[in-house]
Amino acid sequence: MTAAIEMRELTRRFGGVCAVDHVDLDVERGTIFGLLGSNGAGKSTLIKMLTTLLPPTSGTAKVAGHDILTDARAVRASTGYVPQLVSADGALTGRENLYLSARLYAVSRAERKRRIGDALAFMDLADVADRLVRGYSGGMIRRLEIAQAMLHRPPVLFLDEPTIGLDPVARQAVWARLKELRARAQTTILLTTHDMEEAEVLCDEIAILHRGAVRSKGSVRQLCTRFGVSRLEDVFILNASDDREPGGRYRDVARERRTAQRLG
């Protein structure tokens with residue numbers, strides 16, 4: 001398969017702090033790729049560089065074949081981005097929010113109405129399209145924001161904590177739309193998450209970041225096999241820590257925690 005995202009020695013420093021440390025990653029076209037890591041691991045900073053919102057200190061990356069340093073405009077035209085913070089305008093209706101996004105992404109006048117109608121139907125928002133967004137539930141707002149990011153039909157979509165704060169029903173509704181989006185349009189999706197279930201359900205491949213560097217990469221099954229555990233949560237515990245010791249110490253700690261949980 002061809003890589004939709006290629007990162008080479010991608011690095012970002014803030015003064016003396018290295019937020020992203022020489023990251024080398026490829027994300028294959030048409031896959032859902034998860035970035036896992038503790039708070040401050042560098043996930044959001046990495047996405048901001050890939051979406052050209054933040055210049056790298058060194059290294060580079062290509063997104064949909066475009067270099068983030070030399071072809072930033074083409075990168076932005078080829079990507080959709082949904083940040084952690086609410087980006088939809090609560091004082092506007094869902095339809096009005098999509099209309100503004102269509103203009104921002106230079107969707108032609110002839111196409112706007114049809115694309116907005118398709119997006120509302122796809123995200124199951126047609127019945128509330130003309131209600132103010134301030135009255136939407138959290139899940140509805142998130143689906144609207146994904147619709148906004150996809151109006152120009154970009155081949156790559158970036159999602160920063162897409163279901164943070166959502167209840168289980170709303171979370172699963174977002175998951176279903178993302179799976180369908182990938183299946184229908186072969187969209188490459190890169191998302192950050194702290195939710196291990198979300199990563200297991202959605203992601204074809206995962207990279208675990210710690211202190212800005214990639215600790216491990218692979219599918220959920222590959223990672224669990226590599227570390228001799230049965231759950232992604234245990235893989236995360238083994239990688240998102242500074243206490244690496246030889247002799248299987250991590251594995252012992254993971255097993256002890258599972259036993260303690262089972263025994264109450």
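When a residue number appears, it is its place in the shown sequence, counting from 1. It should be emphasised that the depicted structure is a prediction, and the values quoted were computed from it without experimental measurement.
Put simply, V214 and I206 are part of two different groups of oily side chains (I, L, V, M, F, W, Y) that touch within less than 4.5 Å, one to the next. M7 is connected to L54 through a chain of hydrophobic side-chain contacts under 4.5 Å among Ile, Leu, Val, Met, Phe, Trp and Tyr, so both are in one cluster. Taking hydrophobic clusters as Ile, Leu, Val, Met, Phe, Trp and Tyr residues chained together by side-chain heavy-atom distances below 4.5 Å, V63 shares a cluster with M49. Side-chain heavy atoms closer than 4.5 Å link hydrophobic residues (I, L, V, M, F, W, Y) into clusters, and following such links, possibly through other members, connects I189 to W175. Put simply, V174 and I141 are part of the same group of oily side chains (I, L, V, M, F, W, Y) that touch within less than 4.5 Å, one to the next.
Geometrically, R184 engages F122 in a cation-pi contact defined by less than 6.0 Å to the ring centre and at most 45° from the axis.
Here the shortest heavy-atom pairing between H194 and S38 reads NE2-C, 3.8 Å. In plain terms, the two heavy atoms of L10 and A61 that are nearest each other are CD2-CB, 4.3 Å. Taking all atoms of both residues into account, the shortest heavy-atom contact from L50 to I68 is O-CG2, 3.9 Å. Taking each heavy atom of L132 and A91 in turn, the nearest pair found is CD2-O, 3.4 Å. Taking every heavy atom of both residues into account, L69 and G59 meet most closely at CD1-O, 3.8 Å. Here the closest heavy-atom approach between residue F227 and residue S216 is recorded as CZ-OG, 3.2 Å.
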For this session: Would you please test E197 and R171 for side-chain contact (heavy atoms from CB on, under 4.5 Å) and show each step?
Result: CA-CA 11 Å; E197 183 186 4; R171 183 178 59 171; 3.2 Å; yes

For this session: Kindly determine whether V20 and L209 satisfy side-chain contact (heavy atoms from CB on, under 4.5 Å), including the steps that lead there.
Result: CA-CA 9 Å; V20 175; L209 269 63; 5.7 Å; no

For this session: Under the side-chain contact (heavy atoms from CB on, under 4.5 Å) rule, what do M150 and L157 come out as? Steps first, then yes or no, please.
Result: CA-CA 8 Å; M150 293 303 299; L157 177 63; 3.8 Å; yes

Exercise. Going through the checks in order, is the side-chain contact (heavy atoms from CB on, under 4.5 Å) test met by R143 and R177?
Worked result: CA-CA 8 Å; R143 298 201 308 273; R177 294 304 181 278; 4.0 Å; yes

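Residues Y99 and R95 are not in side-chain contact: their nearest non-hydrogen atoms beyond the backbone lie 4.5 Å or more apart. For the pair L190/L35, a side-chain contact is recorded, criterion being any heavy-atom separation below 4.5 Å from C-beta on. The closest side-chain heavy-atom distance from V235 to R226 is not below 4.5 Å. Residues N239 and H210 form no side-chain contact, since every pair of their non-hydrogen atoms from C-beta on lies 4.5 Å or further apart. Looking at heavy atoms from C-beta onward, V107 lies out of side-chain contact with K113 at the 4.5 angstrom threshold. In this structure, the side chains of T11 and C18 come closer than 4.5 Å at one or more pairs of heavy atoms. Between D204 and R182, the closest side-chain pair of non-hydrogen atoms falls below 4.5 Å. Between L104 and L100, every side-chain heavy-atom pair lies at or beyond the 4.5 Å cut-off.
Between D160 and K48 there is no salt bridge, since no side-chain nitrogen of the basic residue lies less than 4.0 Å from a carboxylate oxygen of the acidic one. Look at R8 and D26 and you find a salt bridge, because one of the NZ, NE, NH1 or NH2 atoms lies within 4.0 Å of a carboxylate O, short of that distance.
Under a 3.5 Å cut-off, the side chain of R142 and the backbone N or O of P162 do form a donor-acceptor pair. Although no hydrogens or angles enter the test, the distance criterion places a donor-acceptor pair under 3.5 Å between the side chain of D24 and the main chain of E9. Counting only distance, with no hydrogens or angles, the side chain of N97 and the backbone of D89 share a donor-acceptor pair below 3.5 Å. One N or O on the side chain of T57 and one on the backbone of R13 form a donor-acceptor pair closer than 3.5 Å. Checked by atom type and distance alone, the side chain of R29 never pairs as donor or acceptor with a backbone atom of T188 at under 3.5 Å. Distance alone, capped at 3.5 Å, is enough to place a donor-acceptor pair between the R115 side chain and the L151 backbone.
Note that NE2 of H152 and CD of E111 are 14.0 Å apart. Values are rounded to the nearest 0.5 Å. To the nearest 0.5 Å, atoms CG (L144) and CG (L92) are separated by 10.0 Å. Summarising the geometry, atom CG belonging to L232 is positioned 10.0 Å from atom CD1 belonging to I237; distances are rounded to the nearest 0.5 Å. To the nearest 0.5 Å, atoms CZ (F33) and NZ (K217) are separated by 5.5 Å. Rounded to the nearest 0.5 Å, atoms CZ (R76) and OG1 (T52) are 4.0 Å apart. For the atom pair CD (Q84) and CD1 (I164), the distance works out to 5.0 Å, reported to the nearest 0.5 Å.
In this model, a donor atom of one side chain and an acceptor atom of the other lie less than 3.5 Å apart for E198 and T163.
V17 belongs to no hydrophobic cluster with other residues, because no ILVMFWY side-chain heavy atom falls under 4.5 Å from its own, directly or through intermediates.
Counted within 6.0 Å of CZ on R109, heavy atoms from surrounding residues, nucleotides or ligands total 12 or fewer; the atom is thus considered open.
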